[in-house]
Amino acid sequence: MNPARNTERVASMERVQEYVRQQEQLKENDPDREIKKACTVCIEEFLVHDLYQLDCLHNHCADCIKASAQLAMESAPFVPAKCCQVITRDFLAKAGAFSDEEEMDRYFHKMEEITSPESNLYCHDKHCNAYIPAEKRTQRIGECAKCQKKTCKDCRLKSHFGACDPANLKKERQSEDVLFKLAKKKGWKRCPNCLHIVQKAGGCSHVTCQCGQSFCYACGEPIGNAGHRCPVTGTDFLDIADEDWNWIHPPEGDEDAEVEGGGVSE
């Protein structure tokens, strides 16, 4: 298991536990705890502390958030859970949308599949053809988590010793889209909301696409009010209510980096 991914899972669960603790404390101390508001989706009324306010300021009940996550998991092709913007994985976890860490990992892998600017790697076995996430790849091969078969990253066929067959390499490279070749070369990312390719103009990894979606440029995950810990750089991002944002716990050696970021959809 990739240590960075394991650290991210632990951090996500810790954020969930802290959020639940804070909500329970608010329920006890808030004099207006009996006030009710309507869920934007089902229109049913709930106590305000039983609703989840998304980054777009719409209120969703726990059942509707869970239903959105389940529909996303079952969608083909995959479409992430959304309101006005993509609902972050941490927010889904806080609402109890995932039954366990394994389901949360599957959701993350689906997000990775649609946001990666690189040509995605799939199992060479035609009866499997499952997506092989980055954490299951080495320099030359990718191991399928579903059937455990290994696929060559260059020719996309069964893992082999020695150089790839030139004919197979030529066929694979001709099939790659020119734009995605350039995106891979430049290290550009795809917005998790509109899927447009975004070029970072400078600053840190917190970028905002022209569609309004904020996301981490290092790993491609959406960033929202729940905050985000990047599994690639180890950086913590924390959004605050006035739509400004703060960068906490930068990776070692990056303390003097600018706390600004921007993105332009290409």
Side-chain angles (χ1 to χ4, degrees), residues 1-24 50 52 54-55 60-83 85-116 120-123 128-138 142-150 189 192-193 205 214-216 218-239 248-249 251:
M1 176 64 67
N2 188 312
R5 299 293 187 199
N6 188 52
T7 301
E8 165 64 8
R9 278 198 298 273
V10 172
S12 294
M13 297 311 295
E14 288 177 349
R15 285 195 290 268
V16 171
Q17 293 168 359
E18 176 63 17
Y19 178 84
V20 172
R21 187 191 65 78
Q22 291 175 356
Q23 291 301 304
E24 290 298 327
D50 290 332
Y52 297 86
L54 305 183
D55 301 326
H60 288 223
C61 68
D63 286 343
C64 287
I65 290 181
K66 291 177 184 178
S68 295
Q70 190 61 40
L71 287 172
M73 291 290 287
E74 296 173 356
S75 61
F78 175 73
V79 178
K82 296 182 182 182
C83 184
Q85 297 181 7
V86 175
I87 303 175
T88 67
R89 182 175 53 147
D90 282 344
F91 206 106
L92 291 172
K94 288 173 182 177
F98 302 115
S99 59
D100 51 34
E101 291 185 9
E102 184 178 346
E103 187 173 55
M104 186 166 70
D105 280 348
R106 289 201 303 271
Y107 189 89
F108 177 82
H109 293 155
K110 287 177 179 288
M111 283 292 297
E112 178 187 298
E113 183 178 3
I114 66 168
T115 58
S116 174
N120 286 329
L121 182 65
Y122 297 90
C123 179
C128 178
N129 201 37
Y131 173 70
I132 302 177
E135 66 183 52
K136 301 293 288 184
R137 305 177 200 174
T138 63
E143 182 178 349
C144 179
K146 185 177 180 181
C147 69
Q148 285 72 54
K149 293 182 180 178
K150 296 179 180 180
K189 295 293 189 294
N193 183 41
S205 294
S214 294
F215 67 98
C216 175
C219 69
E221 281 272 294
I223 296 176
N225 290 335
H228 169 68
R229 173 182 283 268
C230 177
V232 176
T233 64
T235 303
D236 278 344
F237 293 98
L238 177 65
D239 276 19
I248 60 175
H249 302 149

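For clarity, every value in this text was computed on a predicted model and none was experimentally measured.
Using a 4.5 Å cut-off on side-chain heavy atoms (C-beta onward), Cys83 and His60 make contact. Within the 4.5 Å cutoff, the side chain of Pro192 has no heavy atoms near those of the Pro80 side chain. A 4.5 Å side-chain heavy-atom check between Ile223 and Thr88 finds every atom pair outside the cut-off. The closest side-chain heavy-atom distance from Cys128 to Cys144 is below 4.5 Å. Looking at Ile65 and Phe91, their side chains come closer than 4.5 Å, going by heavy atoms from C-beta outward. At a threshold of 4.5 Å between non-hydrogen side-chain atoms, the residues Gln70 and Glu103 count as touching.
Side chain of Gln85 to main chain of Lys82: no donor-acceptor pair is present (N/O by atom type, distance under 3.5 Å, no hydrogens or angles).
Between atom SG of residue Cys123 and atom NZ of residue Lys150 there is a gap of 12.5 Å, rounded to the nearest 0.5 Å. The line from CG of Leu71 to NZ of Lys66 is 14.5 Å long, rounded to the nearest 0.5 Å. Atom CZ of Phe108 and atom CD of Glu221 lie 5.0 Å apart (nearest 0.5 Å). Atom CD of Glu135 is separated from atom CD of Glu112 by 7.5 Å, given to the nearest 0.5 angstrom. To the nearest 0.5 Å, the span separating CD1 on Ile87 from NZ on Lys94 amounts to 13.5 Å. Distance check: Arg106 CZ to Met73 CE gives 4.5 Å after rounding to the nearest 0.5 Å.
Closest heavy-atom contact between Tyr52 and Cys61: CD1-C, 4.4 Å. Closest approach of Gly142 to Ile132, counting heavy atoms only: O-CD1, 3.7 Å.
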What's the verdict on side-chain contact (heavy atoms from CB on, under 4.5 Å) for Cys230 and Ser205, showing C-alpha distance, side-chain angles and the deciding distance?
CA-CA 9 Å; Cys230 177; Ser205 294; over 6 Å; no

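Applying the ring-ring contact (aromatic ring centres under 6.0 Å, His included) rule to Tyr122 yields the partners Tyr131; only residues at least two apart in sequence or on another chain are considered.
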